[in-house]
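Below you'll find the structure, written out as C-alpha cells, and then a few comments.
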2 protein chains.
Amino acid sequence: MKPSIPKGTRDFSSTEVTRRNHIFSIIKKAFELFGFQPIETPSFENSSTLMGKYGEEGDRLIFKILNSGDYLKKVDDTLLSAKESNKVTPKISEKALRYDLTVPFARYVVQHQNEITFPFKRYQIQPVWRADRPQKGRFREFYQCDADVVGSGSLWQEVEFVQLYDTVFSKLGLTGTTIKINNRKILSGIAEVIGAKDKLIDFTVALDKLDKIGKEGVVKEMLEKGITESAIEKVDPLFNFSGTNIDKLNALAEMLATSEEGTKGVEELRFVTDSITSLGLQSATLTLDVTLARGLNYYTGAIFEVAAPEGVKMGSIGGGGRYDDLTGIFGLKDVSGVGISFGLDRIYLVMEELGLFNDVSLPKPKVLFLNFNENEGLQKVKAIAELRSNGIKAELYPDVATSNNQQKKQWKYVDKRAIEYVVTDVEGEKFNIKNSNSGDQKLLTINEIINFID
Amino acid sequence: MKPSIPKGTRDFSSTEVTRRNHIFSIIKKAFELFGFQPIETPSFENSSTLMGKYGEEGDRLIFKILNSGDYLKKVDDTLLSAKESNKVTPKISEKALRYDLTVPFARYVVQHQNEITFPFKRYQIQPVWRADRPQKGRFREFYQCDADVVGSGSLWQEVEFVQLYDTVFSKLGLTGTTIKINNRKILSGIAEVIGAKDKLIDFTVALDKLDKIGKEGVVKEMLEKGITESAIEKVDPLFNFSGTNIDKLNALAEMLATSEEGTKGVEELRFVTDSITSLGLQSATLTLDVTLARGLNYYTGAIFEVAAPEGVKMGSIGGGGRYDDLTGIFGLKDVSGVGISFGLDRIYLVMEELGLFNDVSLPKPKVLFLNFNENEGLQKVKAIAELRSNGIKAELYPDVATSNNQQKKQWKYVDKRAIEYVVTDVEGEKFNIKNSNSGDQKLLTINEIINFID
C-alpha cells in the first residue's frame, strides 16, 4: 500500500517551495510598494456565502465539508431514501472550501465595513480549491494572488494595475509579456451597433479567430451564428484592426460614435493607454484587444489579461477588471471595485521553461561539519553556533561515523546537497575547512572562517 | 442578512496579517539558518492517510470533504436508511482536511523516500483544521510551524532544537521562556520502579500538583489511584525535586539505578543539558521537568514543552519530542525522528500582551499624494512611479476631489492611516510636501523628496 495524495493536489519539494516563495515574495513586495494591504480569510466559508455566486457549474465545483457528529440524524427519511444528492447536500454540509478570493473579499468588506478606511486597497495570497477535472496546469488546490481596490471609480487605478503587472513581471525577469486591455463598455457598444446583445459572445469568439481563418472565415461563422450581414458591415473596421493603440481607438471611436456607452468605453481606454504611454513601461507591452471578453458577466469597465512572452505556449498568466457592484451580493450597494490576479502556477511553469529560476538559491547549509570524531562534537557545535549567529547557515552531520562506510555516507551527503564548504576535523582552536568545488583546504579559526566565507 | 464566517475561523486584518507574518518570518529564517528545508503538502489528504492516526477522538475531529457529483448514487439503500453517520461517511467522503503536519510529513517521507537525502531536516508552516469546540486560543483553523529531522538518532538534534527554540524566542523579543525537557525513558523507568506501567499517567498528573497541594496531597491522590505506599517510597526524591538540572539528574540516576531504560534516559538527558550548559542560551532557560508527559503515546525519547515568560497566563507555546517509528504507519520501518512545533496563535497572544508588536511597521504608504486637481494627476503619478522605483511606498488618492467635503475626506484618509508625508500640490517641477506629525512643509523636486525621506 504505497501512500498517495488526492488527484489534482501536489506535494512541493524544498526546491519547489523555494521557487514558489521567490515568486510570492516579489508579488507581495510589489503589492505593498503600490499601497495594497494584506488580509486573509478562512479556508472554508459558510456554504450560503459561496453557493450561487459562481453559476451552476461553479456550485458543482465547490468542495463541500461534511457536518461533524451524527450529521444524518436530522435528515428527513424520505429525502434520504430518494437519494437525490443535490437536495441532501444542504442538510449534511454547512461549510465549503473557498473557490476564489473575490467572493470572500466581498464578504469581508461588507462584514468589516465599519473598520475599513475606503478606498480600500487589499491584497490576498491564499490557496483556493475547485473540484475540476485535473489537467496540465490545472489543479484542485492552487494559489491565487489578488490585488483589488474597492470604493474608488478612478481610472488611475486601471493605470496603476498596468504598472503593477509590468513591475512584477519585470522583477521576475519575465520580460516581453503582453498586457491586453479591453473595456466592457466597448463590447456593449459593439453589441449595440450589431443590434444583438445576446450575440456578443458568438461575435467575439468568431472575431478572435481572424488570424487563423481570415476575414472570410470569420464572417461565415458570424452569419451562421445569426448575426446579420448589415450588422457585420457596421463593424467592418474590426477586420482590419491593427496599428497602435491610438489607431485602434480612433477606429473604434468612429465605429461606435452612435453608441453612448461605446463612446464612454473608448474614452476610458484612451485615458489608460495615453497615461501609460506618458509613464512608460519597463518590459511589458500594453495592447488593446477587442476580442478580450473575459468575465463578461461581472466586469463593467476595464478588462485585463496578460499573455506570456511570445514563444511560450501558455494560457493567460494574469487577468482582472473593473466590477461596479461586487459587494451588492452581500447587501452593500454602490461600491465600485477593480482588481487583478496573478496566476502563480502558470507563471511558475513559464519561468521554469525560460530558465528564470537558475539564480534562486536553495535553502541549504553553506558549511557542513563532518562528524568523524565524537570528541570533536562539542567544539564543532560551538563553532556552528558562532557561524549561525553571524547569519551563516551551518550544520553538523548529526550521527558520528564509526566505520569507513559511514564516513563515505557523510561525504555523499555533501555531494548530494552540493554543499560548498566542509569542515573535516579540528586541530587545537583551528578547523580544517575544504572548498568542495576547488578542493582547496585551509586551517582556520572560527573567526577566520567567518571572514573567509562571508 | 449580515454575512459571517464559520465559528472557530477568523478573518485577519492587515495589522494582524503583518504581525503574524513577522512571527512566521522569524521562525522561517531560524529554521533555514539551522539547515531545515521547506516542504508543503496538500490541504486535504486521502481519508485513509489520516483516519486511525490520531485515536478515536482525533478521527471525530477530522473535517471530511463530501465527494463530488451524485455521491449518494452508489450508497447501499439499507445502509443509508439505517442513518448511521459513522458507517455512511466512508461511502460519501474520500478526502479529509489535514489535522496536523506530522502525519502528512510521514506520508511525504515514505512516498518520496527515493528523492530525499537522509538525514532529512524539513520544516513546514501550514494551516491545519480540527472540528474542535472553539474557545480562547483554540480555533478550527490554525497554523502549525514544525521542524523535524528524520533518519538520525543523534542526540545533537535534541541539543539543536533547544538552541532553535532559544534563537526564535530571543529574536521575537520573547525573553524569559522556559524550555522544559523530559525523556520518555525516564518515565518508563519510574513506571518500572513503581511497578505499574498503567499507572504512569495517574502518577505524573498527581506529581504535577506538588506546588499546589504539597507532598501530603499528592501522596493521598496517588494512594487513591492505587499506587502502593512502597512504590511511592521508592520515588521519594521526586517530592523534593529541586535545584539545578545536575542535582535533579543525580537524584534520578540514583532512584532509577535498577532500571536499564531509566538509566539510559538519565544519560540522554545529561548529554543534552550538559551540552546546553557548555553552549549557553540567549534568553531561555532549559529545565528538567519529570512531570512532562506530553504525547506519551508516540514519543520514545526526549519530550519538549515551552512555557511563556512568567507572569503571562498561557498554555505551552511550543512542544515536541523524539519518536522512533514515525513512518512505520506507512510501511517504512526504523526511521527515527525528532521534531518541535511552534504554536503561532499562542505566541501571537503572548507577544500582544507584552507589547512586542510595537516595532512591527504596518504596510502603508510613506507618502500620499492628494488629488485635488485633475491637471496635476499625471505629474503626480510620474513622481509616484519614481518614488516606487526607489523602493518608497507612495500612492495617489485615486479620486479627484471636486468639493470641500471631498478634500476633507482625503485629509481624513491621511489621518486614519497615519500616513507620514503628504504631497498637496505641484508648483512647476516641485512638490509641496508636508510632514503630518510636525506640520513642516517644504517645496521639493522629486529627487529632493527621495533624499529627504529615504
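A note on names: the letters A, B, ... follow the listed sequences, proteins ahead of strands, and every chain is numbered from 1.
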To the closest 0.5 Å, what do you measure between CG (A/N390) and CG (B/L33)?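 It is 10.0 Å, given to the nearest 0.5 Å.
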Hey, what do you get for CD (A/Q37) to OG1 (B/T15), rounding to the nearest 0.5 Å?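 Spacing of CD (A/Q37) from OG1 (B/T15) equals 7.5 Å.
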Is chain B contacted by the side chain of A/K171, its backbone, both, or neither, given a heavy-atom distance below 4.5 Å?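 Neither part.
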Which residues from residues 73-81 of chain A are near chain B, with near meaning under 4.5 Å between non-hydrogen atoms?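 If one takes a 4.5 Å heavy-atom cut-off, the residues of residues 73-81 of chain A near chain B are A/K73, A/V75, A/D77, A/L80.
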What option among A/V149, A/L72, A/T49 has the most heavy-atom pairs under 4.5 Å with chain B?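 Of A/V149, A/L72, A/T49, A/L72 has the most heavy-atom pairs under 4.5 Å with chain B.
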Which one of A/K416, A/R107, A/Q282 has the most heavy-atom pairs closer than 4.5 Å to chain B?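 The option with the most such pairs is A/R107.
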Spell out, as yes or no, whether a donor-acceptor pair under 3.5 Å connects the side chain of [X] to the backbone of [Y].
X	Y	answer
A/N46	B/S4	yes
A/Q157	B/P398	no
B/D399	A/S154	yes
A/Y71	B/S85	yes

Sequence-distant partners of [X], salt bridge (charged side-chain N to carboxylate O under 4.0 Å, His left out), two or more places apart:
X	answer
A/E395	A/R417, B/K121
A/E16	none
A/R20	A/D345

Could you walk me through whether B/S14 and A/I39 pass the side-chain contact (heavy atoms from CB on, under 4.5 Å) check? CA-CA 5 Å; B/S14 298; A/I39 70 159; 4.1 Å; yes
Mind checking whether A/I92 and B/L66 have side chains closer than 4.5 Å, heavy atoms only?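 Contact flag for A/I92/B/L66 side chains = yes.
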When you compare the side chain of A/Y397 with that of B/S152, does any pair of heavy atoms fall below 4.5 Å?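 Side chain of B/S152 against side chain of A/Y397, heavy atoms only: no contact under 4.5 Å found.
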In terms of heavy-atom pairs under 4.5 Å, which option from B/A394, B/A96, B/P119 contacts chain A the most?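 So the answer, after comparing B/A394, B/A96, B/P119, is B/P119.
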